[in-house]
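Here the structure comes first, spelled out in C-alpha coordinates, and everything after it is commentary.
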Amino acid sequence: MMLLKGVLVIVVAIAAYYDLRWRRIPNWLVISGLGAAIILQTASGGIPALLDALKGFGLGMALLFIPFLLRGMGAGDVKLLGVVGALQGWVFVVNTFLWMAVWGGIMALIALLASGKIQVVVLRLAASYYPPLQVKLAVMQSRVSTGKTTIPYGVAIGLGAICSLMWMWW
(Lines give C-alpha, C1' and ligand atoms only; values in the text may rest on other atoms or scores of the structure.)
Protein backbone atom coordinates (compact mmCIF):
# COMPACT_ATOMS: atom_id res chain seq x y z
CA MET A 1 0.00 0.00 0.00
CA MET A 2 1.50 3.29 -1.14
CA LEU A 3 0.03 5.24 1.77
CA LEU A 4 2.01 3.13 4.26
CA LYS A 5 5.21 3.80 2.30
CA GLY A 6 4.44 7.52 2.24
CA VAL A 7 3.88 7.58 6.00
CA LEU A 8 7.13 5.66 6.44
CA VAL A 9 9.11 8.21 4.43
CA ILE A 10 7.55 11.11 6.34
CA VAL A 11 8.19 9.53 9.75
CA VAL A 12 11.84 8.65 9.07
CA ALA A 13 12.51 12.06 7.49
CA ILE A 14 11.13 13.90 10.53
CA ALA A 15 13.00 11.54 12.87
CA ALA A 16 16.28 12.10 10.99
CA TYR A 17 15.80 15.88 11.19
CA TYR A 18 15.09 15.80 14.93
CA ASP A 19 17.98 13.44 15.58
CA LEU A 20 20.39 15.60 13.60
CA ARG A 21 19.20 18.82 15.19
CA TRP A 22 18.48 17.82 18.81
CA ARG A 23 19.90 14.29 19.09
CA ARG A 24 16.55 12.85 20.10
CA ILE A 25 13.50 11.35 18.41
CA PRO A 26 10.28 12.73 19.89
CA ASN A 27 7.69 10.40 21.38
CA TRP A 28 4.85 12.22 19.60
CA LEU A 29 6.39 11.16 16.28
CA VAL A 30 6.78 7.53 17.32
CA ILE A 31 3.25 7.36 18.74
CA SER A 32 1.80 9.03 15.63
CA GLY A 33 3.69 6.63 13.34
CA LEU A 34 2.56 3.61 15.34
CA GLY A 35 -1.04 4.82 15.40
CA ALA A 36 -1.00 5.40 11.64
CA ALA A 37 0.50 1.94 11.13
CA ILE A 38 -2.17 0.24 13.21
CA ILE A 39 -5.02 2.09 11.52
CA LEU A 40 -3.72 1.74 7.96
CA GLN A 41 -2.63 -1.88 8.33
CA THR A 42 -6.01 -2.85 9.80
CA ALA A 43 -7.89 -0.93 7.10
CA SER A 44 -5.87 -2.51 4.29
CA GLY A 45 -5.73 -6.13 5.42
CA GLY A 46 -7.80 -6.63 8.54
CA ILE A 47 -6.61 -8.64 11.52
CA PRO A 48 -3.85 -10.54 9.65
CA ALA A 49 -2.25 -7.24 8.54
CA LEU A 50 -2.59 -5.85 12.06
CA LEU A 51 -0.85 -8.92 13.48
CA ASP A 52 1.93 -8.52 10.89
CA ALA A 53 2.32 -4.89 11.94
CA LEU A 54 2.57 -5.88 15.59
CA LYS A 55 5.15 -8.56 14.72
CA GLY A 56 7.14 -5.95 12.80
CA PHE A 57 6.93 -3.52 15.71
CA GLY A 58 8.09 -6.11 18.22
CA LEU A 59 10.91 -7.39 16.02
CA GLY A 60 12.10 -3.86 15.21
CA MET A 61 12.35 -3.03 18.90
CA ALA A 62 13.94 -6.39 19.71
CA LEU A 63 16.70 -5.90 17.12
CA LEU A 64 17.95 -2.77 18.90
CA PHE A 65 17.17 -3.73 22.48
CA ILE A 66 20.62 -5.10 23.35
CA PRO A 67 22.49 -2.12 21.83
CA PHE A 68 20.13 0.09 23.87
CA LEU A 69 20.94 -1.82 27.06
CA LEU A 70 24.65 -1.41 26.30
CA ARG A 71 24.07 2.34 25.88
CA GLY A 72 24.97 2.15 22.20
CA MET A 73 21.83 4.01 21.19
CA GLY A 74 18.86 5.81 22.62
CA ALA A 75 15.33 4.64 23.27
CA GLY A 76 14.04 6.81 20.42
CA ASP A 77 16.11 4.79 17.95
CA VAL A 78 14.66 1.54 19.30
CA LYS A 79 11.09 2.84 19.06
CA LEU A 80 11.68 4.28 15.58
CA LEU A 81 12.81 0.92 14.20
CA GLY A 82 9.72 -0.60 15.82
CA VAL A 83 7.52 1.89 13.95
CA VAL A 84 9.33 1.05 10.69
CA GLY A 85 8.43 -2.60 11.33
CA ALA A 86 4.82 -1.72 12.14
CA LEU A 87 4.47 0.27 8.93
CA GLN A 88 6.03 -2.30 6.58
CA GLY A 89 6.17 -5.65 8.39
CA TRP A 90 8.78 -7.91 9.90
CA VAL A 91 10.59 -8.86 6.68
CA PHE A 92 11.03 -5.21 5.78
CA VAL A 93 12.38 -4.32 9.24
CA VAL A 94 15.06 -7.03 8.97
CA ASN A 95 16.13 -5.61 5.60
CA THR A 96 16.12 -2.09 7.07
CA PHE A 97 18.20 -3.31 10.01
CA LEU A 98 20.87 -4.62 7.64
CA TRP A 99 20.92 -1.42 5.57
CA MET A 100 21.02 0.80 8.66
CA ALA A 101 24.02 -1.17 9.93
CA VAL A 102 25.84 -0.25 6.72
CA TRP A 103 24.86 3.42 6.99
CA GLY A 104 25.62 3.51 10.71
CA GLY A 105 29.09 2.09 10.05
CA ILE A 106 29.75 4.72 7.39
CA MET A 107 28.53 7.49 9.69
CA ALA A 108 30.62 6.16 12.60
CA LEU A 109 33.74 6.05 10.44
CA ILE A 110 33.17 9.63 9.29
CA ALA A 111 32.58 10.77 12.89
CA LEU A 112 35.76 9.05 14.09
CA LEU A 113 37.79 10.53 11.25
CA ALA A 114 36.39 13.99 11.95
CA SER A 115 37.21 13.68 15.66
CA GLY A 116 40.80 12.61 14.98
CA LYS A 117 40.50 9.43 17.03
CA ILE A 118 41.39 7.10 14.16
CA GLN A 119 44.47 9.15 13.40
CA VAL A 120 45.60 8.82 17.03
CA VAL A 121 45.20 5.02 16.91
CA VAL A 122 47.20 4.78 13.67
CA LEU A 123 49.89 7.12 15.01
CA ARG A 124 50.05 5.14 18.29
CA LEU A 125 50.64 1.96 16.29
CA ALA A 126 53.29 3.64 14.12
CA ALA A 127 55.00 5.17 17.18
CA SER A 128 55.31 1.73 18.74
CA TYR A 129 57.55 0.76 15.80
CA TYR A 130 59.23 4.13 15.25
CA PRO A 131 59.80 5.88 18.62
CA PRO A 132 60.52 9.40 17.23
CA LEU A 133 56.79 9.62 16.42
CA GLN A 134 56.03 9.68 20.18
CA VAL A 135 56.33 13.49 20.19
CA LYS A 136 53.86 13.86 17.31
CA LEU A 137 51.56 11.36 19.06
CA ALA A 138 51.63 13.39 22.29
CA VAL A 139 50.75 16.58 20.38
CA MET A 140 47.88 14.89 18.51
CA GLN A 141 46.49 13.28 21.67
CA SER A 142 46.39 16.68 23.36
CA ARG A 143 44.20 18.01 20.53
CA VAL A 144 41.75 15.11 20.35
CA SER A 145 38.79 14.97 22.73
CA THR A 146 38.65 11.94 25.00
CA GLY A 147 34.83 12.07 25.16
CA LYS A 148 32.47 9.60 23.55
CA THR A 149 31.93 10.02 19.81
CA THR A 150 28.25 9.67 18.94
CA ILE A 151 26.21 9.66 15.76
CA PRO A 152 22.53 10.48 15.17
CA TYR A 153 21.42 6.89 14.53
CA GLY A 154 17.92 8.00 13.54
CA VAL A 155 19.54 9.17 10.30
CA ALA A 156 21.00 5.69 9.72
CA ILE A 157 17.58 4.13 10.39
CA GLY A 158 15.98 6.53 7.93
CA LEU A 159 18.59 5.82 5.26
CA GLY A 160 18.19 2.10 5.89
CA ALA A 161 14.42 2.33 5.44
CA ILE A 162 14.79 4.34 2.22
CA CYS A 163 17.33 1.83 0.87
CA SER A 164 14.93 -1.00 1.76
CA LEU A 165 12.14 0.73 -0.13
CA MET A 166 14.37 1.25 -3.15
CA TRP A 167 15.58 -2.36 -2.96
CA MET A 168 11.98 -3.58 -3.07
CA TRP A 169 11.18 -1.49 -6.16
CA TRP A 170 14.00 -2.98 -8.24
Side-chain angles (χ1 to χ4, degrees), residues 5 7-31 33-34 56-130 133-134 136-170:
K5 291 177 182 163
V7 171
L8 173 70
V9 170
I10 291 168
V11 167
V12 297
I14 294 170
Y17 172 76
Y18 268 83
D19 209 11
L20 272 172
R21 175 93 192 233
W22 292 288
R23 289 298 178 102
R24 61 182 315 271
I25 298 169
N27 282 332
W28 64 262
L29 178 64
V30 172
I31 292 168
L34 181 59
F57 180 74
L59 180 59
M61 291 188 55
L63 288 169
L64 294 182
F65 188 67
I66 291 176
F68 167 72
L69 288 178
L70 297 173
R71 303 213 189 279
M73 62 188 50
D77 302 319
V78 177
K79 294 181 279 188
L80 178 62
L81 191 60
V83 169
V84 169
L87 285 165
Q88 293 297 313
W90 69 271
V91 174
F92 184 89
V93 82
V94 170
N95 197 28
T96 297
F97 179 75
L98 297 173
W99 276 109
M100 75 174 209
V102 171
W103 283 108
I106 291 168
M107 291 170 58
L109 183 60
I110 291 168
L112 288 172
L113 282 169
S115 72
K117 291 181 179 179
I118 288 183
Q119 294 89 325
V120 168
V121 170
V122 170
L123 192 56
R124 187 176 295 137
L125 180 64
S128 69
Y129 291 105
Y130 186 64
L133 289 176
Q134 291 290 344
K136 184 166 177 85
L137 175 61
V139 170
M140 185 172 273
Q141 281 179 326
S142 68
R143 293 183 187 159
V144 174
S145 168
T146 58
K148 186 177 179 181
T149 301
T150 62
I151 60 170
Y153 218 78
V155 175
I157 294 170
L159 290 169
I162 299 301
C163 286
S164 293
L165 281 174
M166 291 172 55
W167 185 269
M168 290 172 57
W169 287 340
W170 290 356

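All values reported here derive from a predicted model rather than from experimental measurement. Index from 1, following the sequence.
The two residues L125 and Y129 come nearest to each other via the heavy atoms O-CD1, 3.3 Å. I151 and G104 make their closest contact through CD1-O, 3.6 Å (heavy atoms, listed as atom of the first residue, atom of the second, distance). Pairing each heavy atom of T149 with each of S115, the nearest pair is OG1-OG, 3.9 Å. L34 approaches A86 most closely through the heavy-atom pair CD1-CB, 3.8 Å. The two residues V155 and D19 have their closest heavy-atom pair at N-OD2, 4.2 Å. Closest heavy-atom contact between G56 and V93: O-CG1, 4.1 Å.
Atom NZ of K148 and atom NZ of K117 lie 10.0 Å apart (nearest 0.5 Å). Taken to the nearest 0.5 Å, the CG atom of L133 stands 5.5 Å off from the CG atom of L123. Note that the CD1 atom of I162 and the CH2 atom of W103 stand 11.0 Å from one another [nearest 0.5 Å]. Atom CG in L159 sits 10.5 Å away from atom OH in Y153 (nearest 0.5 Å). For the atom pair CE of M166 and CH2 of W99, the computed distance is 8.0 Å after rounding to the nearest 0.5 Å. Distance check, rounded to the nearest 0.5 Å: CE of M100 to CG of D77 gives 8.0 Å.
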### Query
When you look at F92 and L8, which way does the side-chain contact (heavy atoms from CB on, under 4.5 Å) test go after all the steps?
CA-CA 12 Å; F92 184 89; L8 173 70; 3.8 Å; yes

### Message
Using side-chain contact (heavy atoms from CB on, under 4.5 Å), reason through F97 and V84 one step at a time and then give a plain yes or no.
### Response
CA-CA 10 Å; F97 179 75; V84 169; over 6 Å; no

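For W28, the ring-ring contact (aromatic ring centres under 6.0 Å, His included) criterion is met by Y18, not counting sequence neighbours. Contacts of R71 classified as side chain to side chain donor-acceptor pair (under 3.5 Å), with partners at least two apart in sequence or in another chain: none.
Residues M61 and L81 are not in side-chain contact: their nearest non-hydrogen atoms beyond the backbone lie 4.5 Å or more apart. Under the 4.5 Å side-chain criterion, counting only non-hydrogen atoms from C-beta, I10 is in contact with I14. Looking only at side-chain heavy atoms (C-beta outward), L70 and P67 stay at 4.5 Å or farther from each other. Considering only heavy atoms from C-beta on, P152 comes within 4.5 Å of M107 through its side chain. K79 has its side chain out of reach of I25: every pair of non-hydrogen atoms, C-beta onward, lies at least 4.5 Å apart. Between L64 and I157 there is a side-chain heavy-atom pair separated by less than 4.5 Å. Counting only heavy atoms from C-beta outward, the side chains of K5 and V9 never approach each other to under 4.5 Å. Looking at T150 and R23, their side chains come closer than 4.5 Å, going by heavy atoms from C-beta outward.
In terms of modelled atom types and a separation under 3.5 Å, the side chain of Q119 and the main chain of L113 share a donor-acceptor contact.
Surrounding CD1 of I66 are at most 12 heavy atoms belonging to other residues, nucleotides or ligands under 6.0 Å away.
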